[in-house]
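Okay, structure first, notes after.
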Amino acid sequence: MKKQNYSVAVVGATGAVGNEMVQILEERKFPVGKLKLLASSRSAGSYVKFYNKDTKVEILDEDSFKEIDIGLFSAGGTVSEKFAPVAARAGCIVVDNTSAFRMDSQVPLVVPEVNPHAIAQYKNKGIIANPNCSTIQMVVALKPIHDVAGIKRIVVSTYQAVSGTGKKAIDELQNQSRDILSFKDVECKVYPHQIAFNCLPHIDVFLENAYTKEEMKMVNETRKILEDNSIRITATTVRVPVFYGHSESVNIETGKKITAGEVRKLLSQAPGVTVVDDPASATYPLAIDAAGKDDTFVGRIREDESIEKGINMWIVADNLRKGAALNAIQIAEILVKEYI
Ligand code: A2P
């Protein structure tokens with residue numbers, strides 16, 4: 001018989017994404033029976049509000065997942081590598097927001113608007129991976145175009161908010177901005193350079209090919225989610241002094257000619273997408289407008305006049321919601337509706 005309620009654990013419940021997960025579970029009335037909030041010993045004794053009730057944060061350990069149905073993980077790759085298999089062995093289905101399992105061929109990498117069918121593969125390892133934030137919003141907008149016109153090549157540059165790095169980075173941007181405006185010296189603890197009033201073309205570590213790991217996540221994850229290894233993709237990922245909301249300049253080359261008008265029409269009917277595109281009234285997607293919203297916003301849609309079959313667009317979404325917590329909970333919603 002189908003369960004009415006599910007026991008849910010949030011791993012990293014005191015973090016930027018974990019907090020958002022708890023809020024979204026409540027907002028969307030996810031059928032939570034018991035909610036277990038997990039973090040490290042640093043947070044022992046703290047509380048997080050769930051339906052107006054202060055819920056105690058517990059310390060993550062090997063026994064945390066007994067009788068837990070779904071584990072939403074967002075406490076970093078090292079924690080997931082160690083504890084996601086522990087949870088899965090205990091019978092808990094893990095939706096993992098880190099990069100630990102994304103490219104594992106046994107683990108589905110899912111964006112519900114794009115490849116919900118892949119969720120069925122959760123049975124392989126008991127783990128479903130939530131893609132990288134920048135990848136999620138890009139594929140939500142590109143999937144409908146790919147289906148109609150066949151995307152051959154993607155050139156993307158990102159403008160990513162500091163909240164993607166976590167709570168400490170939000171504090172760092174706040175502190176540096178305040179210190180600079182008060183003519184004080186700035187302290188750089190999270191990023192290698194000052195982030196306030198600056199742009200850093202460096203997200204995650206540099207790899208041997210001179211790309212960053214974040215850039216290669218966009219390349220590899222996009223191909224896996226769109227189930228098309230023939231798409232050529234190149235990315236430049238940049239951290240900007242924005243608190244919430246990632247923006248992306250995306251250029252695509254298609255196999256079949258598609259006009260800007262056709263793209264606008266297609267995207268205005270696409271699930272999870274809102275077209276915001278009226279240059280005459282200076283209307284286009286903005287990070288400050290996307291923050292707190294569920295949709296991916298697309299604007300500045302225009303034909304690339306330097307090639308025969310190309311489109312440029314500007315894609316914006318709340319990195320903590322669609323880019324992380326919301327996408328994970330949408331996956332969990334499909335799990336409980338169709339699989340468990
Ligand atoms: P804690 O508050 O105990 O440090 P953010 O991405 O905003 O920095 O948040 C990271 C989240 O992951 C926090 O909830 C943090 O908990 C949690 N976390 C980090 N390391 C561990 C660990 N080793 N075990 C459990 N939770 C961890």
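Note that ligands are numbered from 1 as they come in the structure, with each ligand's atoms numbered from 1 the same way.
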- With Glu303 via salt bridge (Lys or Arg N to Asp or Glu O under 4.0 Å) - residues at least two apart: Lys257
- Out of curiosity, Leu335 CG to Asp69 CG, how far, rounded to the nearest 0.5 Å? 10.5 Å
- For Asp278, enumerate each residue passing the salt bridge (Lys or Arg N to Asp or Glu O under 4.0 Å) test, keeping only those at least two apart in sequence or located in another chain. none
- Message: So if I only count non-hydrogen atoms and take anything under 4.0 Å from ligand 1, which residues does that give, chain by chain?
- Response: Gly12, Ala13, Thr14, Gly15, Ala16, Ala39, Ser40, Arg42, Ser43, Leu60, Ser74, Ala75, Val79, Gly166, Lys167
- Task: Mind running salt bridge (Lys or Arg N to Asp or Glu O under 4.0 Å) on Glu333 and Arg28 for me, showing each step along the way?
- Result: CA-CA 10 Å; Glu333 285 171 349; Arg28 294 173 73 92; 2.7 Å; yes
Without placing hydrogens or testing angles, list every side-chain donor-acceptor pair under 3.5 Å for residues 206-218, not counting sequence neighbours.
residue : atom : partner : partner atom : Å
Asn209  : OD1  : Tyr211  : N            : 3.0
Tyr211  : OH   : Thr234  : OG1          : 2.9
Thr212  : OG1  : Ile203  : O            : 3.3
Thr212  : OG1  : Glu215  : N            : 3.2
Thr212  : OG1  : Glu215  : OE1          : 3.3
Thr212  : OG1  : Thr237  : OG1          : 3.4
Glu214  : OE1  : Asn132  : ND2          : 3.2
Glu214  : OE1  : Lys217  : NZ           : 3.2
Glu214  : OE2  : Asn132  : ND2          : 3.0
Glu214  : OE2  : Gln160  : NE2          : 3.0
Glu215  : OE1  : Thr212  : N            : 2.8
Glu215  : OE2  : Thr237  : N            : 2.9
Lys217  : NZ   : Asp204  : OD2          : 3.0

- Does any donor atom in the side chain of Asn312 or Asp304 lie under 3.5 Å from an acceptor atom in the other side chain? no
